[in-house]
Number of protein chains: 2
Amino acid sequence: MELFKHLDKTYKISSEAKKALEPLIGHIQYHKNNMVQEIGSRCKTIYIVKNGCARIFYYKEGNDITEHFAFENDMIVRAESLFTGQPTSKGIQTLEETEMIAINSSKLFKLYDEYHDIERLFRILFEREYVNSIKRLESLQFNSAKERYLELSKNKNLVQKIPLKHIASYLGITQVSLSRIRAEVQ
Amino acid sequence: MELFKHLDKTYKISSEAKKALEPLIGHIQYHKNNMVQEIGSRCKTIYIVKNGCARIFYYKEGNDITEHFAFENDMIVRAESLFTGQPTSKGIQTLEETEMIAINSSKLFKLYDEYHDIERLFRILFEREYVNSIKRLESLQFNSAKERYLELSKNKNLVQKIPLKHIASYLGITQVSLSRIRAEVQ
DNA sequence: CAAATCTTTTTACAAATGTTAAATAATGCA
DNA sequence: TGCATTATTTAACATTTGTAAAAAGATTTG
């Protein structure tokens, strides 16, 4: 299975573990701007983007705020729900034609008991997400909007194919402000 | 051991696992404003505050920035180093007379192989930290400085005993700006 | 193709936050 | 206690970012 080629790079699990995991895994193809997970739902699926891209977003005072972008091989979960069981006011939406791998999280967590190595693999994957969220925190806490934009725009791909309103809210600024920054930077 | 009384609330591990953990655990008493972990070092210790408080901080362009506060029973680690093995430009410092529990992380990670339940316990603890970091991200991304201050000041304890300059940098603003907000709020 | 819709930029002005420096208040120590 | 140090607030002005509305550009669709 192709997914394991990717996961093996993180932590190699036994072939029995792979066999046990396979039935929990689905492939889903989404069109552009499709909802993948509705706002208000509980996170019961762990997604990995195979190609295309998706975002986590929520509404705050009527504004659509993008919290996270995910591209090829990125994991995408609403962690505050996945790890607490609580519903979340965040949703997941594709931003273009996107192929995703979906892993049923309740079944996965049950496998943790029997397969120590599955628990380890996902522990490592989520630790990595945790470190990413700390990096982002740093940049929101003390970089200016311009610095944050320049940092983000190193990923040419992202800035080219994602509507600027999403990039603006992701950076914690308005779209007008982002336009000004772009004009200034050139 | 008193630590386990606390950890049991998260996930109960076997008594063999506890026995294996005990030798990795130390108690350390620090005076006010003591460095616990130096800037530039690698994170090889997981701390839990027993009483008192501590912060994670770093310097950005000469400014002292507080990234995290930890109080009673809070875990405190420099995750971007703990999980990557890379040195970090962040340090840990106490803010008052503080008693901490210190767990040797390299030894702990070795125990993960033998004691599945130890790995699970710490997996859950770190998942919780991950969720906390997402909550903080949300507030930095789209709340105003005033909203963030009001949120933080629900924790009366914190605002009373910690120098405002640290609170200001934690909120991502200058101390002058925080003073203004406080004057306005009353 | 052309109208309709959506996205991005621009403008003008308002509000929030930053910077520097000084004033005041609080704290620690001889 | 009282001096020295540190912490906090205030003031004046600069810069950044927000808001609302309009203009310009791009994309979609009948």
Side-chain angles (χ1 to χ4, degrees), chain A residues 31-35 53 55 57 59-66 69 93-97 138-153 156-186, chain B residues 30-35 52-53 55 57 59-66 69 93-97 138-153 156-186:
Chain A
H31 291 301
K32 186 173 177 171
N33 295 331
N34 264 198
M35 286 303 293
C53 63
R55 67 179 185 125
F57 73 104
Y59 291 101
K60 155 128 200 202
E61 289 151 26
N63 299 308
D64 172 325
I65 316 229
T66 295
F69 293 116
Q93 185 190 37
T94 58
L95 291 166
E96 51 179 30
E97 191 75 19
E138 271 175 54
S139 111
L140 277 170
Q141 191 180 355
F142 239 78
N143 290 358
S144 66
K146 193 193 287 183
E147 288 173 301
R148 298 201 297 275
Y149 173 70
L150 289 173
E151 179 66 30
L152 192 70
S153 60
K156 301 266 174 196
N157 235 5
L158 188 152
V159 177
Q160 271 165 15
K161 59 186 185 182
I162 293 182
L164 290 177
K165 64 181 168 185
H166 296 333
I167 294 175
S169 72
Y170 179 81
L171 295 173
I173 57 178
T174 61
Q175 180 168 346
V176 173
S177 201
L178 177 56
S179 246
R180 263 190 299 241
I181 287 167
R182 282 161 61 91
E184 213 180 321
V185 171
Q186 54 175 311
Chain B
Y30 292 93
H31 291 300
K32 186 174 180 174
N33 296 330
N34 263 199
M35 287 302 294
C53 63
R55 67 179 185 126
F57 73 105
Y59 291 101
K60 156 127 199 206
E61 290 151 25
N63 298 307
D64 173 324
I65 317 231
T66 295
F69 293 116
Q93 184 190 38
T94 59
L95 290 165
E96 50 179 29
E97 191 76 16
E138 271 175 55
S139 110
L140 277 171
Q141 190 179 355
F142 240 78
N143 290 358
S144 67
K146 195 193 286 184
E147 290 173 301
R148 299 201 297 275
Y149 174 70
L150 289 173
E151 178 66 31
L152 191 70
S153 60
K156 301 268 174 192
N157 235 4
L158 189 153
V159 177
Q160 271 164 16
K161 60 186 182 181
I162 293 182
L164 290 176
K165 64 181 168 185
H166 295 333
I167 294 175
S169 73
Y170 179 82
L171 294 172
I173 56 178
T174 61
Q175 180 167 346
V176 174
S177 201
L178 177 57
S179 245
R180 264 191 298 239
I181 286 168
R182 283 163 59 93
E184 214 179 320
V185 171
Q186 56 175 309

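Letters A, B, ... are given to chains in the order of the sequence lines, protein chains preceding strands, and every chain is numbered from 1.
Between A:Glu184 atom CD and C:dT8 atom C1' there is a gap of 17 Å when expressed in whole angstrom units. In this structure, the CZ atom of B:Arg180 is 15 Å from the P atom of C:dA15, given to the nearest Å. In this structure, B:Glu147 atom CD and C:dA16 atom P are separated by 11 Å, rounded to whole Å. C:dT17 atom C1' lies 8 Å from atom CD1 of B:Ile181, rounded to whole Å.
Side-chain contact between A:Asp64 and A:Tyr59 is present, with heavy atoms from C-beta onward closer than 4.5 Å. Between A:Arg148 and A:Ile173 there is a side-chain heavy-atom pair separated by less than 4.5 Å. Residues B:Val185 and B:Lys146 have side chains in contact (heavy-atom distance under 4.5 Å, counting atoms from C-beta outward).
Where DNA chain D meets chain B (any atom under 4.0 Å from a heavy atom), the bounding nucleotides read 5' to 3' are D:dA7 to D:dA12.
Exactly one of A:Leu171, A:Leu158, A:Leu95 qualifies for a side chain to side chain contact (heavy atoms under 4.5 Å, CB included) with A:His166. That residue is A:Leu95.
Between the A:Thr94 side chain and the A:His31 main chain, a donor and an acceptor come within less than 3.5 Å of each other. Using a distance-only test at 3.5 Å, with no hydrogens or angles considered, no donor-acceptor pair links the side chain of B:Gln175 to the main chain of B:Leu164. Under the 3.5 Å distance criterion, the side-chain polar atoms of A:Thr66 are left unmatched by any main-chain donor or acceptor of A:Tyr170.
What you find for B:Leu178 and B:Ala168 is that their closest heavy atoms are CD2-N, 3.7 Å. Taking each heavy atom of B:Gln141 and A:Leu140 in turn, the nearest pair found is CB-CD1, 4.1 Å.
Relative to the axis of its first five pairs, the axis of the last five pairs of the helix from C:dC1-D:dG30 to C:dA30-D:dT1 sits at 40°, rounded to 10 degrees.
Mapping A:Phe142 and B:Lys32 onto DNA chain C by nearest heavy atom places A:Phe142 at the nucleotide closer to the 5' end.
Taking a 6.0 Å sphere around NZ of A:Lys32, one finds it holds 12 or fewer heavy atoms contributed by other residues, nucleotides or ligands.
Distance check, rounded to the nearest 0.5 Å: CD of B:Glu96 to CD1 of B:Ile162 gives 7.5 Å.
Backbone-only contact: B:Ser177 has heavy atoms under 4.0 Å from sugar-phosphate atoms and none from a base. Using a 4.0 Å heavy-atom criterion, one finds that B:Arg182 contacts the sugar-phosphate atoms exclusively.
Contacts between residues 159-175 of chain A and DNA chain D, counted as heavy-atom distances below 4.0 Å, involve A:Gly172, A:Ile173, A:Thr174.
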